[in-house]
There are 2 protein chains.
Amino acid sequence: MDTGAPKFRRRKADRPAEIVQAALKVFAEKGFAAAKLDDIAREAGVSKGAIYLYFETKEDIFRAVVGQAIAPNIGMVKAMAAAHPGPLADLLRSVTSHVAGVVSQTPLGGVLKMVVGEARNFPEIARVWHDELVSQALGAMTAAISAAQARGEVKPGDPRVYALQLISPMLVAVLWKETFVPIGAEPFDLAAVMRQHVDTLLCGMLTEGART
Amino acid sequence: MDTGAPKFRRRKADRPAEIVQAALKVFAEKGFAAAKLDDIAREAGVSKGAIYLYFETKEDIFRAVVGQAIAPNIGMVKAMAAAHPGPLADLLRSVTSHVAGVVSQTPLGGVLKMVVGEARNFPEIARVWHDELVSQALGAMTAAISAAQARGEVKPGDPRVYALQLISPMLVAVLWKETFVPIGAEPFDLAAVMRQHVDTLLCGMLTEGART
DNA sequence: AGCTAATAAATGACTGGTCAGTTATTTGAG
DNA sequence: CTCAAATAACTGACCAGTCATTTATTAGCT
């Protein structure tokens, strides 16, 4: 009867993950400084003291939250970087739709907001986020675009800026959701935005040798 | 000898503005919760007590900071909304270059970051920012694009999404500057980004009846 | 199985420091 | 001299982090 009556809680293995998840929720809502450890504890169904069995300080929890959000996405970036040899249009369509899916089904948006908001207070966290995620992803896209340019597929122009142009609407849509939708503003449909955006932008980026 | 030796400070008229400016700097750096009133006071060259001669609470100062950042830009939005009757391409080029200039010469970026970070804690501020600035600007652009579509100048597609696509790279570039440039990341040249972006995107948006 | 240490997990009352906001006092201008 | 402007020391609340105590779990023994 292991699944019968759990009676009282007493575990260990999954506590840290539970705490991190609770912390993510509270941090994303209040920001780092305004988040109270008691809130995190309550959200995790645990006492404040218990948190200190698994984490040294509040900053530690924050680091864990950001780290946890980064980890599973590094693989994604790597896969992206494994330069798809097909035409750029196909690559971009698949990458953006994949990323849009991930972003809308994970709390990545909330973490992004936190990183932006706390970058000045936690430079190392901003650096990790940048070096391990943002820079990698941007670099991979830049490389892919650059290669396509060499192939004569893409018009002249700064490839890094092209990459920025491509991902920006997604980021803004996510921040919009985090910032203005709770206020009652009209949301954006992430997938629809990216579909229209890639179509439009590709049309402007590609040379004559391109069609879907 | 009004400009000679100010000896000791004793004014009244310009204190509030000085405090708001100092507060902007500190808030943009630390975020609302982590900003100390003593820091703001020191930055303004004033004692903490003096701040309370002009503002009721810390939140009041925050409201003033955001409000001050919004105020001068409402005119800009209005002018933009006064639908330029020429071809859309011209309108977008002039608007984006103008906005890019304003954004890079004012602390609007820092305020944007604050609004995003504190929206959950200060919904009314998010609402003001949205209703008076973001929504107006987005609405004006959407209307202009919509009109251009009716004229047969722009391909089918959601005009609100087109507007989002247009402004997103600017916003992301600004947040990039606030977030990752202090870490040592390569900055983006806002003006250059917007030039390339408008060129590319217009090429994808416009129907056959368009050229610069 | 029952009973009892021994141990691990968890608690919540407590502490020390920090900081928003107050106020008694001082300073400068007219 | 008078009054407004400004100060700096002060207060009270709040909260991160600690620790003595309680509660569940496991192991050992019969």
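Note that the coordinates shown come from a computational prediction; the quantities given were computed from them, not determined experimentally. By convention in this document, chain letters (A, B, ...) are assigned in the order of the sequence lines, proteins followed by strands, and residues within each chain are numbered from 1. Only heavy atoms go into these numbers, but all of them, side chains included; no hydrogens, no water, no symmetry mates.
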From [options], pick the nucleotide closest to the side chain of [X]?
X     : options               : result
B:K36 : C:dA20, D:dT7, D:dA16 : C:dA20
A:L37 : D:dA5, C:dA20, D:dA16 : D:dA16
B:A50 : D:dT7, D:dG17, C:dT11 : D:dT7
A:K48 : C:dA20, C:dA9, D:dA16 : D:dA16
A:S47 : C:dG12, D:dT7, D:dG17 : C:dG12

Could you tell me the separation between the [atom1] atom of [X] and the [atom2] atom of [N], rounded to a whole number of Å?
X     : N      : atom1 : atom2 : answer
B:F55 : D:dA5  : CZ    : C1'   : 16 Å
B:Y52 : C:dA24 : OH    : P     : 17 Å
A:Y54 : C:dA8  : OH    : C1'   : 9 Å
B:K58 : C:dC19 : NZ    : C1'   : 8 Å
A:D38 : D:dT18 : CG    : P     : 14 Å
B:D60 : C:dA20 : CG    : P     : 14 Å
A:D14 : C:dA9  : CG    : P     : 12 Å
B:K30 : C:dC19 : NZ    : C1'   : 13 Å

Assign each of A:A34 and A:E56 the nucleotide of DNA chain D bearing its closest heavy atom; nearer the 5' end lies the nucleotide of A:A34
Taking any heavy-atom pair under 4.0 Å as a contact, classify [X]: base, sugar-phosphate, or nothing.
X     : answer
A:A41 : nothing
B:A35 : sugar-phosphate
A:L53 : base

Thinking salt bridges, do B:R127 and B:E124 make one under a 4.0 Å N-O criterion? no
Could A:E29 and A:K25 be called an ion pair, given the rule that one side-chain N must be under 4.0 Å from one carboxylate O?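 So A:E29 does not pair with A:K25 through a salt bridge.
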Might you work through the side chain to side chain contact (heavy atoms under 4.5 Å, CB included) test for B:Q136 and B:I74, ending with a clear yes or no? CA-CA 9 Å; B:Q136 303 277 335; B:I74 289 182; over 6 Å; no
Parallel, tilted or perpendicular: which fits the ring planes of B:F27 and B:F62, with parallel below 30° and perpendicular above 60°? perpendicular
Does the ring of B:F188 carry A:R160 above it, NZ/CZ under 6.0 angstrom from centre and within 45° of its axis? yes
